[in-house]
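These numbers were taken from a predicted model, which means no experiment stands behind them. First the proteins, then the strands, lettered A, B, ... as listed; each starts at 1.
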Amino acid sequence: MIRARYLPFVATVLIFVVAYALCALQFPNMLSFRVLGNLLTDNAFLGIAAVGMTFVILSGGIDLSMGSVIAFTSVFVAVLVRAGVHPALAFALALAVSTSFGALMGLTIHALKMPAFVVTLAGMFLARGAAFLISTDSVPISHDFLKQLKGIYIQLPDKGKLSFLAILMLLAFAVGVILAHRTRFGANVYALGGSEQSAELMGVPLRKTMIQLYAFSGFMAGLAGLAYTLYTSAGYSLATVGVELDAIAAVVVGGTLLTGGSGLVLGTLFGVLIQGLIQTYIVFDGTLSSWWTKIVIGMLLFAFIVLQRLILLVSERRAAIRASSGG
Amino acid sequence: MTKLKQLRPQLLALAVVLVLIGLISPGFFSVTVQNGRLYGSLIDVGVRVAPVALLAIGMTLVIATKGIDLSVGAVMAITGAVAATLVADGHSVPVVLAVSLALGLVCGIWNGVLVAFLDIQPIIATLILMVAGRGIAQLITGGVILTFNDPAFSFIGSGAVLGIPMPILIWLAMGLAVGLLVRRSALGLLIEAVGINRRASMLVGVRARFLILATYAISGLCAAMAGMIVTADIHGADANNAGLWLELDAILAVVIGGTSLAGGRFSITASLIGALIIQALNTGILMSGWPPEFNLIVKAVVIVAILTLQSPAVADELSVLRGMLRRKGAKS
Amino acid sequence: MTHDALLSAQGIDKSFFGVKVLDGVDFSLRGGEIHALLGENGAGKSTLVKILTGAYRRDAGAMWLDGQEVEPRSVAEAQALGIGTVYQEVNLLDNLTVAENLYLGRQPRRMGMIDRRRMRGDAATLLARYGVGADPDETLAHYPVAVRQIIAIARAVDLSGKVLFLDEPTASLDAREVQALFTVLRQLRAQGLGIVIITHFLDQVYQIADRVTVLRNGRMVGSRAIAELPRRDLVAMMLGRELAEATAHRGSGATQPDTPAAFLFEGYGKRGSIAPFDLDIRPGEVVGIAGLLGSGRTETARLMFGIDRPDSGQAAVDGQPVTLHSPQDAIGHGFGMCPEERKTDGIVGDLSVRQNIVLALQASRGWARPIPRREADALAERYIKALDIRPPDPNRPIKFLSGGNQQKAILARWLATDPRLLILDEPTRGIDIGAHAEIINLIEKLREDGMALVVISSEIEELVAFSTRVIVLSDRHHVRELRGAEITAEAIVEAMAVPGDAA
Amino acid sequence: ADLTVGFSQIGSESGWRAAETTVTQQQAKERGIDLKFADAQQKQENQIKAVRGFIAQGVDAILIAPVVATGWDEVLGEAKEAEIPVILLDRQIDAPDDLYLTAVTSDQVFEGKVAGEWLVKDVGDKACKVVELQGTTGSSPAINRKKGFEEAIAGKSNITIARSQTGDFTRTKGKEVMESFIKAENGGKDICAVYAHNDDMAVGAIQAIKEAGLKPGTDIKVVSIDAVPDIFLAMQAGEANATVELTPNMAGPAFDVLEKFKADGTLPPKWIQTESKLFTQADDPKGVYESKKDLGY
Ligand SMILES: Nc1ncnc2c1ncn2[C@@H]1O[C@H](COP(=O)(O)OP(=O)(O)OP(=O)(O)O)[C@@H](O)[C@H]1O
Ligand SMILES: Nc1ncnc2c1ncn2[C@@H]1O[C@H](COP(=O)(O)OP(=O)(O)OP(=O)(O)O)[C@@H](O)[C@H]1O
Ligand SMILES: [Mg+2]
Ligand SMILES: [Mg+2]
């Protein structure tokens, strides 16, 4: 029997599989390794950001600065590379900056006892503003090192590719899963999400965990920024506006509770894939106007959420009945 | 309503922001009468704050129940689009008002049902309408800016009564009305109770679901008003941009006003002051003449500064400090 | 003061909002002793514990561990020093599994990774010591307070190398579990641990403690060996006055009134929760409900109050069939209920004491008819006085009150609605002996005034004292009903042991 | 012909954009082209996803209205590999030009220049303080139209840009920013002209000028870019002075070259520049309005 806390995850996976099957029935082309590969590559940066977001949400917090940090990182790297810095060094610097920025937000949240929503909202303005200051223009980059990176991929059948970005995202999820479920840091994050006060009284080092947590989320945002830079070979200060909302939606669709303390990192992967699937479906359909696109995305999101709740409700009922007839 | 003393940090922050702007652009405080209405940057702040102020009123109640309403910007776009369509079709102002407000109410109730009855988490529940709502608004306008020429409706946005611009009157009136509604009835207390401890509240017979639904409904209503003001202001409905990202400003206003995002105690007055602080900042930046690349940085820095000074941690330290000073003063 | 004790503290001061809660308190604990910390509700016991264990900062004073001056700034630091604590409100995490709760922050690791298998195994072994068969992999939310309490104790005991603080650990345990706990404590004492226990049960103090320290109004009254302190003197130390022992075993003089049953439940039950039962309650009687932990007492109350929906049976009030599908329904028929889990189901923490007291009344009047401020003030004043809620400040947020005083405020909340049927789930849990007597007197008085009461309690003596009838539950069945002279502690205990299906 | 063409549109952020979409759909319908439309909601990543989706579906050609100039090499490479011709609409990109068939665009710098030159001619030698309403910070039209305008007034010391702020391409912000400009510049008396990066902001600015008790078009000249129908109403009323047209019909020329290319492999030039025509009050604003008002602006 499936434990109650895994139910949201199972529901998400189930919904994804069924939805994919339905799409494939309508557009047989969608059932190809090419589309599957695209699904992973195209959503790689979102997925990486969503790993960080999952941790933050598990702790009961939120990180609204992600979209801006991604844009900032991409501009930062692009400008450095344009100035002649080796990309590897630029990447390392960018990750150092985004990680420290996250750590600083974590420290602020803890030390000033301010809600994460507000601190990271300010962080969102700040990072975007900083990106503008570096360059308002979009800055293209090209460097052999980047080409080499992009040259890494695993060939799938029928012209499908598991690209470097896709591999990077899957790695990020693997790290996320291990961190969440097999380390003390992960356990502390779940504890914070249960109740900050109780966690403190049980000896969880609040300050340290908070700083580590937002540093991790900053790191993931930075890594997502690098993925985005690779993806577009450019840095652009107006890029990825509102990506944090996509990431939050992916986390929640993946079965994590926004109130914190409950959810699985792997669920987020399926949350991301479900969003990608919705978009792919809309492209394949190709008849929706701009507004119908928005409306349909909203409706599908609604359908997924309601379906998820229904599956949960039904299985909880079942469990209750089974328990009573068993006992 | 709320005691002045409790509003001290917000009023102080507003004063500091205003003084800073005054230093940068000296003409900021001059208010004159022109064409029979008040005129000046300060008045602009009062007018331009109207949408965020209205949103903040509803948002305060929603946040007090531990919720959040991300859809208000999209609801503004929807009601604006509908209002513009109706006005362009020649309907009378009362009809336009009634239909638009009803629509806002319906949007709010939709959110409320998702949150209160389907138990969907507020951010996600309202994200649905945030995404789809703008699409609906564009569907109504066909993606274009629907313009109209109807002085009666435009009056809402740019008219004045006794020299005071309408938007100012509207947000003040709405703030007063909702403030009185929640504080003169028991709604305020019950909303706070639900926000602090929903389970305990339900156990004493508080109808938590109904209350939550009501707060989202009020939020929808406020968004409808904001949408109409914006539409009347530019004599047209811009479904693409009306209210875009305004939900974040409204949330920020509520937080600057000291209402906790964890729900519970709230003050509408304080949220309105929070909205004024944000708008004063926006207007101040425009007056400053700095290049627009700096806008976000300036805004972020000032907001962080304000919130830092207001934060419970710093407030504690300050009160300890104040106590020490007082003790020292008493000794010497 | 000698610092050769295991743990000692001197001149501890603490104020909240300018009100002194601890005033120059000295405290010392020896290795290998069980030390009871006693005092009335709000005396400052929990605050002292929180200061000594790093959860609060003290305003003044110093503390020594093993003769070394120490300064734990967080619970984590205190734990590192070998100090384990169970705080008064069971502070565990509902969203984590039992094993994760037990080993949070000290999980067994292999190659840097948490060794989940070993953690699970260790957890099972640990819990077996306390006779709890909880599944280590199940989330804690599945278990009632009592089980959580034991898990919290097990955790604290396991991580305390030198000192163990237990703040009212036995409040929600039944006799059997209390004995299991005491056995463990004696073993730990033998190993040289210093143990501080806070409790309002004086019987338990005499059973287990070696020494007592008494606090009153934030000051230390004295510290004595238990052997040389008669019960009467101890009570006087705590209260600052003599107490006529109100809770003596006397049996309720009152018998079942022969008024017709006003509240009737027939075949009322819910699958998986409580087997169908019949219950009739008359105005002017107290129906006591007894049973072991998990026997279904709380479930009975939840069902009667409309929190859970029944799937069989019907209810009637004054002979008219009624549906009780929500607390509002029940309240509409004149019911009231004080829940057992005060922190999550009872108090509305950020609201003031006054607002907490008027909340139920306000809810039943509806939002459109606010209770005028004057009326609210009057109500608050009346009940603060009647129940001796301390501090008597109606404007203080209730979360800043001590546990016992919160309990009184919640009781006041229902009394303010003037209910016809009042259901009390563990009303005396965490209440000091002075207040305990007051609450029992109150229950008697309410009964005499014609109120119908259903009282759930784990304290059998107390049930004997005020009940006109006692229903005994076992395994989610109502197994026995005792009336009049049948109500004795022995009879109740005997009936509790009967397996449920025997009914 | 039975061509299937994928069209990746940026979004629907303005009336002009909506018109472009409408015109493209009309053009496709007239030519019997099956148009697959994908709206990117202002996000480049969505555009890339859409292009990949088109490739996976095996369309015959792809139109892209790129949201930003950079970042197209890889996905266009994939299109090339799949032998699907790509045509860019309304914006150039930073990529080797063998990756696309052609680009049908205006010259944004030139647009700004046309607006600037009009102003230079109109004010002659009089001193003129201009205020500028920029587009969204960081967007390429904002950057280029600013640049072109500055080039045009570069040699003229009598024309200065006194203030420049972003109005986010919207009416509301255009109005708000103009209000503050007026207050900051002596009640508007010091301002001689307003240059707006698009007509929507200009319309907002006109309202602000009117509400400040000044006459737009006379007291403060108004010049802007796009030529959407509403600006012609303002021109007719004498409230706007000049606008530079950005035609929404980019798809027409694109389909022309595509059909030729498909028929006999004719390679078009790499850049098909659309006209940036200047309209002033003398150009029969009413007539232009009538001709434009049903184009889906
Ligand atoms: N965080 C706090 N803020 C303000 N006042 C507090 C706080 N914690 C405790 N108090 C006050 O300090 C006093 C002592 O409380 P404490 O919890 O230590 O009492 P106690 O002896 O443990 O009582 P009980 O037996 O009821 O648990 C009470 O008056 C209480 O209201
Ligand atoms: N020692 C225990 N070990 C495991 N589960 C227990 C234990 N005691 C109770 N439970 C569980 O507790 C639940 C019922 O608890 P509940 O609180 O309703 O009972 P109760 O009779 O009201 O006891 P109390 O109010 O004293 O906690 C059941 O799910 C039962 O399995
Ligand atoms: Mg206590
Ligand atoms: Mg119970």
Side-chain angles (χ1 to χ4, degrees), chain A residues 57 60 62 64 68 108 110-119 121-136 237 241-242 245-246 248-249 251-253 256-259 288-306 308-310 312-313, chain B residues 66 68 70-71 74 114 118-125 127-143 239-240 245 248-249 251-252 254-256 260-262 291-316:
Chain A
I57 289 181
I62 201 156
L64 295 181
S68 300
T108 311
H110 175 77
L112 298 183
K113 296 187 187 129
M114 290 207 286
F117 195 98
V118 183
V119 173
L121 184 62
M124 163 177 160
F125 292 151
L126 216 56
R128 180 81 57 189
F132 281 148
L133 286 189
I134 297 179
S135 166
T136 48
S237 51
V241 172
L245 288 179
D246 294 339
I248 293 170
V251 172
V252 173
V253 169
T256 298
L257 282 187
L258 260 175
T259 41
L288 294 179
S289 65
S290 300
W291 30 99
W292 276 111
T293 305
K294 294 195 179 83
I295 298 175
V296 169
I297 291 177
M299 287 192 319
L300 289 177
L301 196 60
F302 173 69
F304 280 119
I305 299 277
V306 170
Q308 199 179 45
R309 286 221 56 86
L310 279 181
L312 288 184
L313 269 181
Chain B
K66 221 173 184 164
I68 201 154
L70 294 183
S71 74
L114 295 194
L118 297 184
D119 280 327
I120 297 176
Q121 306 178 53
I123 283 204
I124 286 298
L127 183 69
I128 292 170
L129 191 56
M130 177 186 182
V131 175
R134 201 158 287 283
I136 294 171
Q138 290 176 336
L139 182 70
I140 296 167
T141 62
N240 314 306
W245 302 121
L248 291 183
D249 275 357
I251 294 168
L252 206 56
V254 174
V255 172
I256 291 179
S260 159
L261 286 170
E293 291 84 349
F294 288 92
N295 292 5
L296 282 174
I297 295 263
V298 173
K299 195 168 166 181
V301 168
V302 175
I303 286 169
V304 169
I306 292 175
L307 289 173
T308 305
L309 290 177
Q310 278 183 20
S311 80
V314 174
D316 282 358

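When heavy atoms are compared at a cutoff of 4.5 Å, A131(A) does not approach chain B at all. Both the backbone and the side chain of L258(A) have a heavy atom closer than 4.5 Å to some heavy atom of chain B. Heavy atoms of D119(B) lying under 4.5 Å from chain A belong to its backbone as well as its side chain. Interface remark: L70(B) contributes side-chain atoms only to the contact with chain A (heavy atom separation under 4.5 Å). With a 4.5 Å cut-off on non-hydrogen atoms, L121(A) touches chain B through its side chain but not through its backbone. Interface remark: I128(B) contributes backbone and side-chain atoms alike to the contact with chain A (heavy atom separation under 4.5 Å). Of the atoms belonging to Q121(B), it is side-chain heavy atoms, and not backbone ones, that fall under 4.5 Å from chain A. For L300(A), no part lies under 4.5 angstrom from a heavy atom of chain B. Of the atoms belonging to L129(B), not a single heavy atom falls under 4.5 Å from chain A.
Side-chain contact between F125(A) and V301(B) is absent, with no heavy-atom pair separated by less than 4.5 Å. A heavy-atom distance below 4.5 Å is not found between the side chains of I140(B) and W291(A). Annotation: side chain of K113(A) is not in contact with side chain of T108(A) (no heavy-atom distance under 4.5 Å). Between F132(A) and L296(B) the shortest side-chain heavy-atom distance falls below 4.5 Å.
The candidate from V118(A), V296(A), I62(A) with the greatest count of non-hydrogen atom pairs under 4.5 Å with chain B is V118(A). When each of V298(B), L252(B), I256(B), N295(B) is scored by its heavy-atom pairs under 4.5 Å with chain A, the top score falls to L252(B). When each of I248(A), L257(A), V253(A), V119(A) is scored by its heavy-atom pairs under 4.5 Å with chain B, the top score falls to L257(A). Between chain A and the residues V304(B), I303(B), I136(B), the most heavy-atom pairs under 4.5 angstrom are made by I136(B).
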Criterion side-chain contact (heavy atoms from CB on, under 4.5 Å) on K294(A) and L139(B), from CA distance to verdict:
CA-CA 10 Å; K294(A) 294 195 179 83; L139(B) 182 70; over 6 Å; no
For a side-chain contact (heavy atoms from CB on, under 4.5 Å) check, start with the C-alpha distance between F117(A) and I251(B), then their side-chain angles and the critical distance, and finish with the verdict.
CA-CA 9 Å; F117(A) 195 98; I251(B) 294 168; 3.4 Å; yes
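Between the OG atom in S68(A) and the CE atom in M124(A) there is a gap of 5.5 Å [rounded to 0.5 Å].
Between the side chain of T293(A) and the main chain of S289(A), a donor-acceptor pair closer than 3.5 Å is present. A donor-acceptor pair under 3.5 Å links the side-chain atoms of R134(B) to the main chain of A239(B), judged by distance alone.
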